[in-house]
Amino acid sequence: MSTLKALAPLDQSSRDRILLPHLVRLSKVTGGTVHLLHVVPTVRSLAPHAIRSAEAYVDAFETQLRTQGIEAHGIVRKGDPAAEIVKVAAEYEVDVIVMGTRGRRGLDKLFVGSVAEEVMSRCPYPVTLINEATAGSALDGKIWMQSSYMAGIVWNKVARGLFSEEQALAAMQRLEAQGLDHDALKATYTTLQQSGAPAEWLELDFQLDTLEQYMPDALQGKSSAA
């Protein structure tokens with residue numbers, strides 16, 4: 001099979017994480033390239049650090065794909081999301097657009113989301129939709145536990161003055177790009193921010209295994225201190 005160029009729009013939501021395994025499989029089968037695109041809406045682009053935050057988010061996903069041997073390129077644009085997706089697809093002459101959609105039921109399942117609908121109606125390229133509800137059902141309890149634990153690690157670094165809020169956001173985005181759950185990361189971090197309570201875990205083996213997988217530098221620091 002010839003190489004294939006895929007465009008994967010990201011919207012900084014929990015839907016993004018379900019795209020990764022599909023993009024990896026697609027690229028490894030075809031030897032293709034993945035273009036990761038995040039479009040910052042014009043109004044939101046006026047907010048401080050909006051573009052920088054979007055770039056950090058896309059970079060985290062790009063790094064995750066590259067570590068798995070996938071050729072990936074991150075792109076950040078500002079404007080109307082659907083229009084920019086169509087424009088970038090033409091600019092890079094992609095073969096397929098892969099998008100995540102929110103799960104719907106009943107009559108609502110006929111509508112896949114305004115951005116996806118617009119892209120499908122205006123774009124001459126094939127569009128593959130990954131349903132968040134269906135794909136997300138494979139997420140197991142261990143991922144939720146690891147996500148919650150790592151959010152606590154990030155919060156502790158902020159509380160101790162080792163991370164700024166901007167660094168914490170970048171770290172959370174990297175963790176999400178590594179496969180941890182967006183909702184669990186955000187919910188735990190927000191809860192700790194509000195309560196100010198330390199994040200404590202009793203199972204030492206779980207802590208060590210999770211740190212080794214997602215933040216090995218933290219383990220090296222502990223070894224040096226010991």
Side-chain angles (χ1 to χ4, degrees), residues 1-27 29-30 32-47 50-51 53-62 64-65 70 72-139 173 176-177 179-187:
M1 183 180 290
S2 60
T3 59
L4 178 145
K5 290 186 289 185
L7 175 64
L10 307 174
D11 64 0
Q12 289 190 291
S13 75
S14 59
R15 290 188 293 277
D16 292 342
R17 66 180 169 78
I18 70 175
L19 296 179
L20 277 174
H22 295 277
L23 294 172
V24 169
R25 285 197 294 270
L26 181 65
S27 298
V29 168
T30 65
T33 301
V34 175
H35 298 287
L36 299 163
L37 170 66
H38 179 62
V39 181
V40 183
T42 304
V43 174
R44 198 169 70 195
S45 69
L46 301 176
I51 299 298
S53 174
E55 290 172 343
Y57 186 78
V58 172
D59 285 347
F61 273 79
E62 180 182 338
Q64 177 65 7
L65 287 173
I70 307 302
H73 302 282
I75 307 164
V76 174
R77 298 285 174 87
K78 61 181 180 179
D80 174 70
E84 289 300 319
I85 291 170
V86 174
K87 186 185 300 183
V88 171
E91 182 180 334
Y92 287 86
E93 299 181 330
V94 302
D95 300 296
V96 64
I97 299 174
V98 182
M99 302 181 68
T101 63
R102 190 177 300 280
R104 305 292 180 93
R105 294 181 179 179
L107 292 176
D108 286 343
K109 70 183 179 182
L110 297 174
F111 302 96
V112 296
S114 59
V115 174
E117 286 179 278
E118 283 190 59
V119 171
M120 292 175 69
S121 65
R122 297 162 57 180
C123 188
Y125 303 96
V127 179
T128 297
L129 301 178
I130 309 298
N131 187 293
E132 179 185 21
T134 303
S137 63
L139 189 67
Q173 290 172 342
E176 184 177 344
L180 292 185
D181 185 73
H182 169 86
D183 294 333
L185 285 166
K186 184 176 180 180

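- Of all heavy-atom pairs between P81 and P41, the closest is CG-CG, 4.4 Å.
- Here CG of L7 is found 8.5 Å from CE of M99. Values are rounded to the nearest 0.5 Å.
- Scanning both residues, A8 and L19, for their nearest heavy atoms gives CB-CD1, 4.5 Å.
- The side-chain heavy atoms of T128 and L26, taken from C-beta on, include no pair separated by under 4.5 Å.
- Looking at heavy atoms from C-beta onward, I97 lies in side-chain contact with P9 at the 4.5 angstrom threshold.
- Scanning all heavy atoms of the two residues, the minimum distance from V40 to A54 falls at CG2-CB, 3.7 Å.
- The closest side-chain heavy-atom distance from L129 to M120 is below 4.5 Å.
- I51 contributes atom CD1, which lies 8.0 Å from atom NE2 of H38 (distance to the nearest 0.5 angstrom).
- Between L10 and F61 there is a side-chain heavy-atom pair separated by less than 4.5 Å.
- Scanning all heavy atoms of the two residues, the minimum distance from Y57 to Q173 falls at N-OE1, 3.3 Å.
- Here the straight-line distance linking atom CG of D80 with atom CD of E118 works out to 6.0 Å at 0.5 Å rounding.
- For the pair L23 and L36, the minimum side-chain heavy-atom distance is below 4.5 Å.
- Minimum interatomic distance between E62 and H73 (heavy atoms only, all atoms of both residues): OE1-C, 4.0 Å.
- Note that the CD atom of E55 and the CD1 atom of I75 stand 12.5 Å from one another [nearest 0.5 Å].
- No option in V34, D95, T30 other than D95 meets the side-chain contact (heavy atoms from CB on, under 4.5 Å) test with K5.
- In terms of heavy atoms, I70 sits closest to V24 at CD1-O, 4.0 Å.
- Within the 4.5 Å cutoff, no side-chain heavy atoms of T42 are placed close to those of K78.
- Inter-residue side-chain proximity for E176 and L185 is flagged as met; some heavy-atom pair is nearer than 4.5 Å.
- Between H35 and T33 the shortest side-chain heavy-atom distance falls below 4.5 Å.
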